[in-house]
Amino acid sequence: MRDILPADTARWRRLNAVFAEIAGSAGYGQVITPLLEDIGVFTRIGDATDVVTKEMYDFRDKGDRHVSLRPEMTASVCRSFAQHRPAALPWKVWYTGSNFRYEKPQRGRFRQFDQVGIEVLGVDDAHLDVEVIALAWEFYAALGLTEVNLIVNSLGEPEDRAAYVEALRTHFESSDLTEQGRATLAKNPLRVLDSKREGDAAAVAAAPTIADFYSSEAAQHFATVQSGLQRLGIPYTVEPKLVRGLDYYRRTIFEFQGGTLDSAQNALGGGGRYDGLVEALGGPATPGIGFALGVDRTLLACEDEGVFGDDTAPVDVFVVDVVGGQEAVAITAELRAAGFSADRGYDNRSMKAQMKLANRSAAPLAIIVGEEEVASDSVIVRPMARDAGDQQRISRSDLISHLKETS
Ligand code: AMP
């Protein structure tokens, strides 16, 4: 877990603002769910995922309730839907916030990390899958990222998937797998496809692929999604061995990978269509689709691609207070109230020391309040850039209008 300091927070705000704008323009409303939920909300995600079995920050609270910091947000959003039962479907929501997973920290992998994402509940239409994927694509493009690869797959209908899982089980049982691979196989054969271990690689390469198990509905749904992406000019690769964490995924799943990131941490975000999660959380049978995009990793990709440039925003004005009275307090407040961002010097430091601070602030203007100015009810307005002209004495009552005219 780490601090995000002022030098980086402007980028965080920008990323969130871009995401909020894109989600809002497509009719999504923001949902804010608690950081802490009953553990049962997350165990419903499935017991074959490390996120649920090994990585949760769970504990008993003072009322002896077994709770956990959220490791992801899809389950919380589905819990919220099941609880509030919105009447108008689809329910289209977006979110932003921190998640907690007890993982091994490294570049792009933290124990507290942020995600932005959307979930849509109540519609099974393949065109919605296209919209959802396109929104994430648009978001990366709006940030200025160019090295993002979209990979898609379909897990078919639940029956297709079940038949495929059995075929995988048979295949892996007679293959060479690592000990961890065998343990994963016992829980969920699909997840073996996710293995990055060398000892599992040959068995994974020789595994059957899901496409051979699609029903005609599943094949049709996937074809519609792909033609929609083509229609929007969104490049993608079909990766038949892509599987994702949630046990409830069906039909479309997708992942975005950053071209500049190490392969172990190159997943920028991902999502898919799921069924059964709302039901498992006490709501009516409801189809869902959504994605979660890693904020920390997306910002690393932005840094690698140099998309932000210099994003420090200096204040408009720096007030140099050489008298140490109330005058500078009043001037600074007036400036801010008039819409100018303003910082100031404190502690009655020397003029020289405060001019240094003014320089460091990169404000284009310094306003100097000295004994003479207080006596004559005026201030000095000094342009800070070398070639920006001479300083001027301005009557105190004209200060704001003068700044408005000249800025
Ligand atoms: P997931 O919820 O596991 O599908 O993750 C969605 C996205 O969240 C990933 O593609 C990553 O970008 C990001 N993510 C997941 N776990 C972490 C982590 N421990 N640290 C930083 N980002 C993460």
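Reckoned from all heavy atoms, side chains included, excluding hydrogens, waters and symmetry mates. Quick note: residue numbers are just sequence positions, from 1. When a ligand or atom number is given, it counts from 1 through the structure's own listing order.
Gln391 CD to Arg382 CZ: the interatomic distance, rounded to the nearest 0.5 Å, is 4.5 Å. One finds the OG atom of Ser215 at 7.0 Å from the CD atom of Glu159 (value rounded to the nearest 0.5 Å).
Between the side chains of Asp114 and Ser98, at least one donor N or O sits under 3.5 Å from an acceptor N or O.
By the salt bridge (Lys or Arg N to Asp or Glu O under 4.0 Å) test, Glu138 is found to be paired with no residue, residues two or more places apart in sequence or in another chain being considered.
Listed by chain and number, residues touching ligand 1 at under 4.0 Å (heavy atoms only) are Arg101, Glu103, Gly108, Arg109, Phe110, Phe113, Gln115, Arg244, Ala267, Leu268, Gly269, Ala292, Gly294, Arg297.
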Residues 171-180 side chain polar contacts: donor-acceptor under 3.5 Å, at least two apart:
from: His171; atom 1: NE2; to: Ala203; atom 2: O; distance (Å): 2.8
from: Ser174; atom 1: OG; to: Thr170; atom 2: O; distance (Å): 3.4
from: Ser174; atom 1: OG; to: His171; atom 2: O; distance (Å): 3.2
from: Ser175; atom 1: OG; to: His171; atom 2: O; distance (Å): 2.6
from: Thr178; atom 1: OG1; to: Gly181; atom 2: N; distance (Å): 3.0
from: Thr178; atom 1: OG1; to: Arg197; atom 2: NE; distance (Å): 3.3
from: Thr178; atom 1: OG1; to: Asp200; atom 2: OD1; distance (Å): 3.0
from: Thr178; atom 1: OG1; to: Asp200; atom 2: OD2; distance (Å): 3.2

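Within the structure, side-chain hydrogen bond (donor to acceptor under 3.5 Å, both in side chains) pairs that include any residue of residues 288-299 comprise Arg2-Asp296 (at least two apart or interchain).
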